[in-house]
Number of protein chains: 2
Amino acid sequence: MTKIKENSTRNENKQLTAGWCPVSYVMNKLGGYWKPIILFQLIEGPKRYSELRKAIPTITEKMLIQHLKQLQEDNLVLRTATAVVPPHVTYKLTQAGINLTPVMEAMANWAINNRENN
Amino acid sequence: MTKIKENSTRNENKQLTAGWCPVSYVMNKLGGYWKPIILFQLIEGPKRYSELRKAIPTITEKMLIQHLKQLQEDNLVLRTATAVVPPHVTYKLTQAGINLTPVMEAMANWAINNRENN
DNA sequence: CAGAATCCTATACGATACTG
DNA sequence: CAGTATCGTATAGGATTCTG
């Protein structure tokens with residue numbers, strides 16, 4: 001009750017590391033499992049929320065929304081909503097997000113080659 | 001007590017996704033926070049355990065060892081130990097690990113540019 | 001030197017149900 | 001259609017101590 005959060009060494013390592021390691025700077029924004037997968041789906045162009053769900057059928061709605069929000073906060077994804085009566089919301093990459101596509105493409109290439117080689 | 005693990009839908013999504021999404025195939029091996037950072041440190045060449053610790057001062061030993069083991073299991077890193085009396089252990093990238101370096105380099109490039117742009 | 005062991009907490013993730 | 005809300009579990013990650 002009275003303990004609010006006096007101590008949070010948790011995540012401090014990550015913040016610190018991000019200061020000097022460029023890769024960890026990226027991992028602070030792309031960490032976890034789903035974010036690169038979502039970004040990968042947006043490379044080809046803007047997608048509606050429902051399209052993203054169909055494109056990634058194994059993700060739960062909670063994860064999709066949650067990570068989309070974080071990606072917006074990190075300025076990697078832009079959300080555009082038009083207030084019509086079935087709501088219409090699209091997500092697309094920001095410039096920073098577009099600049100990140102080589103990362104996902106390098107991943108995809110590796111996956112294709114590595115799968116063959118095994 | 002009698003419940004052993006009858007149900008593990010957890011991770012099934014990830015396995016399934018890996019089947020059709022190349023990026024998620026990679027995330028199954030590189031998921032989490034530290035693995036890309038470790039691999040990044042090994043790009044320039046083999047390193048001893050203690051060198052890795054110094055190179056990534058914010059990681060705990062547990063995390064370092066644990067992820068090095070998983071990277072070995074995924075055949076991305078090779079461990080070489082010589083049984084001398086202070087033990088001498090080096091880690092280096094396998095060919096599959098080397099093939100992954102464009103991913104980390106793309107991350108590093110993005111980090112450098114994105115930091116400037118903000 | 002290179003780790004293993006133990007204990008603990010925070011967060012990521014998932015299932016399900018509900019809503020403007 | 002595009003979310004929210006709630007609840008539960010599994011895993012990631014960290015602190016500390018010990019060892020061949």
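A note on names: the letters A, B, ... follow the listed sequences, proteins ahead of strands, and every chain is numbered from 1.
For Tyr91(A), no side-chain nitrogen or oxygen approaches OP1 or OP2 of dC1(D) to under 4.0 Å.
Arg53(A) is linked by a salt bridge (Lys or Arg N to Asp or Glu O under 4.0 Å) to Glu61(A), counting only residues two or more places apart in sequence or in another chain. For Gln66(B), the side chain to side chain contact (heavy atoms under 4.5 Å, CB included) criterion is met by Lys62(B), Met63(B), Gln70(B), not counting sequence neighbours. Residues satisfying the side chain to side chain donor-acceptor pair (under 3.5 Å) test with Thr101(A), not counting sequence neighbours, are none. Not counting sequence neighbours, Lys35(B) has no partner by the salt bridge (Lys or Arg N to Asp or Glu O under 4.0 Å) test. In terms of the salt bridge (Lys or Arg N to Asp or Glu O under 4.0 Å) criterion, Glu73(B) has no residue partners (sequence neighbours excluded). For the side chain to side chain donor-acceptor pair (under 3.5 Å) test, residues two or more places apart in sequence or in another chain that qualify with Asn28(B) are Tyr33(A). Annotation: side chain to side chain donor-acceptor pair (under 3.5 Å) contacts of Thr90(B) (sequence neighbours excluded): none. Under the side chain to side chain contact (heavy atoms under 4.5 Å, CB included) criterion, Lys54(B) pairs with no residue at all, not counting sequence neighbours.
Proximity of residues 63-70 of chain B to DNA chain C (heavy atom under 4.0 angstrom from any strand atom) is restricted to Ile65(B), Lys69(B). Scanning residues 38-60 of chain A for heavy-atom distances under 4.0 Å to DNA chain C yields Thr60(A).
One can place CH2 of Trp34(B) at 16 Å from C1' of dT11(D), the figure rounded to the nearest angstrom. For the pair Tyr33(A) OH and dA12(D) P, the interatomic distance rounds to 13 Å; values are reported in whole Å. The distance between atom CD1 of Ile37(A) and atom C1' of dC13(C), rounded to the nearest whole Å, is 13 Å. Taking atom CG of Asn13(B) as the reference point, atom P of dT9(D) lies 18 Å away to the nearest angstrom. The separation between Gln15(B) atom CD and dC13(C) atom P is 14 Å, rounded to whole Å. Distance CZ (Arg79(A)) to C1' (dC1(D)): 12 Å, rounded to an integer number of Å.
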Could you go through nucleotides 18-20 of chain D and list every protein N or O atom that sits under 3.5 Å from one of its N or O atoms, giving the distance for each pair?
none

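When all heavy atoms of Gly32(A) and Met27(B) are compared, the pair lying nearest together is O-CE, 3.3 Å.
Under the 3.5 Å distance criterion, with hydrogens and angles disregarded, no donor-acceptor pair is assigned to the side chains of Thr17(B) and Ser24(B).
Looking at the side chain of Lys14(A), the nearest of the listed nucleotides dG13(D), dC1(C), dA2(C) is dG13(D).
Among residues at least two apart or in separate chains, salt bridge (Lys or Arg N to Asp or Glu O under 4.0 Å) pairs with a member in residues 40-51 of chain B are Glu44(B)-Lys47(B).
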